[in-house]
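Below is one structure, written out as structure tokens; the observations come after it.
Note that ligands are numbered from 1 as they come in the structure, with each ligand's atoms numbered from 1 the same way.
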Amino acid sequence: MSGTIVAVDRLTALMARGADFLGCETAILCGAMSWVSERHLVAAVSNAGGFGLIACGAMTPALLDAEIIGTKALTDKPFGVNLITMHPDIMELIDICLRHEIGHVVLAGGLPPKGSIEAIKAGGAKVICFAPALALAKKLHRSGVDALVIEGMEAGGHIGPVATSVLAQEILPEMASELPIFVAGGIGHGEAITAYLEMGAAGVQLGTRFACAVESIAHPNFKKAFFRASAREAVTSVQVDARLPVIPVRALRNAGTEAFTAKQREVAQLLDEGKVDMGEAQLQIERYWAGALRRAVIDGDVENGSLMAGQSVGMVKREEPVAEIIETLMAQARTALSRRAD
Ligand SMILES: Cc1cc2nc3c(=O)[nH]c(=O)nc-3n(C[C@H](O)[C@H](O)[C@H](O)COP(=O)(O)O)c2cc1C
């Protein structure tokens, strides 16, 4: 048998667990990206054999309802919904997902609120959570989550402090036999997909690589900024006030990066004056990011908006259809495997 045929079978075998879990052909998730991951991109990913996720972000329950209906009109393949745990209407959003028989709900942005995992499972859907450390991965597993995403600091958007490669080494050897684990952060080439699958991952999640697909509604200016950027330009935001812990965000450097510093000072002052409590202060910061990202993605203001992007942005060179992106990644993964088989 030739190396290539062996590699095709081996890649299918390595992805089988993740693909079975998701109910799709290819264990590649397109990570939810606020404003970007709406019906068109989500349906395109699922139609191409991957797994699309609607980014609920700050959507109201009525908007999420409409987005799910809109996505179902574009695909009959399975897709999931990503909910932010600090959303004030989280339980109502979960209800909407269940009413539409969404099979997979991702809880992002912090520990799942009390009762949320139970509610999703009772409604017949699978729960996927982010595990930023081994101890939390174990805790989430004990709480009944069905799968985990481990996302390193190379990723675009809100990030944790640890690199993907380190999380993978700490968590996969211990936990991969317990439940499916998807690796995210910094993946832009099939070579890395092969490596994480061989380490025990059930699949991978990519965001940056899909953000500029033909089917992505991101503004042409947003896409152009990605095509021009190199890895080193995707930098993390800086916390300016020790009293106000903010989750770092990785984005392309621009004037908006400075504006975030001013925003933190403004919110810290409101905290000092007792005008807001810590929860409200953090919510204000998150609303700021949602607004800044919208400015860049939808309005095309790439100077003042937020160009959230991961370090893999250097591997995003041009606008390509989602199906082509997935095919390229799979071909690269097969090439990597066939080299090992030779
Ligand atoms: C523009 C952008 C917006 C994002 N928004 C969200 C979000 O709303 N919720 C979430 O869980 N992750 C969000 N992410 C993270 C992605 O879902 C994904 O996990 C990440 O992009 C993977 O790393 P990569 O960018 O290196 O591929 C965002 C990423 C980007 C680039």
Handout entry: Between F79 and H104, ring centroids under 6.0 Å
Key = no
Practice task
Mind telling me whether F260 and W289 have parallel, tilted or perpendicular rings, with 30° and 60° as the class edges?
Solution key: tilted
Between ligand 1 and the protein, which N/O pairs fall short of 3.5 Å?
unit_1	atom_1	unit_2	atom_2	d
ligand 1	5 (N)	A32	O	3.4
ligand 1	5 (N)	S34	N	3.2
ligand 1	8 (O)	S34	N	3.4
ligand 1	8 (O)	S34	OG	2.6
ligand 1	11 (O)	N82	ND2	3.0
ligand 1	12 (N)	A32	O	3.2
ligand 1	14 (N)	A32	O	3.2
ligand 1	17 (O)	A32	N	3.2
ligand 1	17 (O)	A32	O	2.7
ligand 1	19 (O)	E151	OE2	2.5
ligand 1	19 (O)	Q205	NE2	2.8
ligand 1	25 (O)	G156	N	3.1
ligand 1	25 (O)	T208	N	3.2
ligand 1	25 (O)	T208	OG1	2.5
ligand 1	26 (O)	G186	N	2.7
ligand 1	27 (O)	G207	N	2.8
ligand 1	27 (O)	T208	N	3.4

Problem - side-chain hydrogen bond (donor to acceptor under 3.5 Å, both in side chains) contacts touching residues 112-128 (sequence neighbours left out) - result: K121-D146
Exercise for the section: Keeping to residues at least two apart or across chains, list the salt bridge (Lys or Arg N to Asp or Glu O under 4.0 Å) pairs with something in residues 215-237. Expected result: K223-E319
Practice task
For residues 164-177, pull every pair meeting salt bridge (Lys or Arg N to Asp or Glu O under 4.0 Å), keeping only residues two or more places apart or in separate chains.
Solution key: K138-E174
Exercise for the section: For residues V313 and L252, determine if any side-chain heavy atom of one lies less than 4.5 Å from a side-chain heavy atom of the other. Expected result: yes
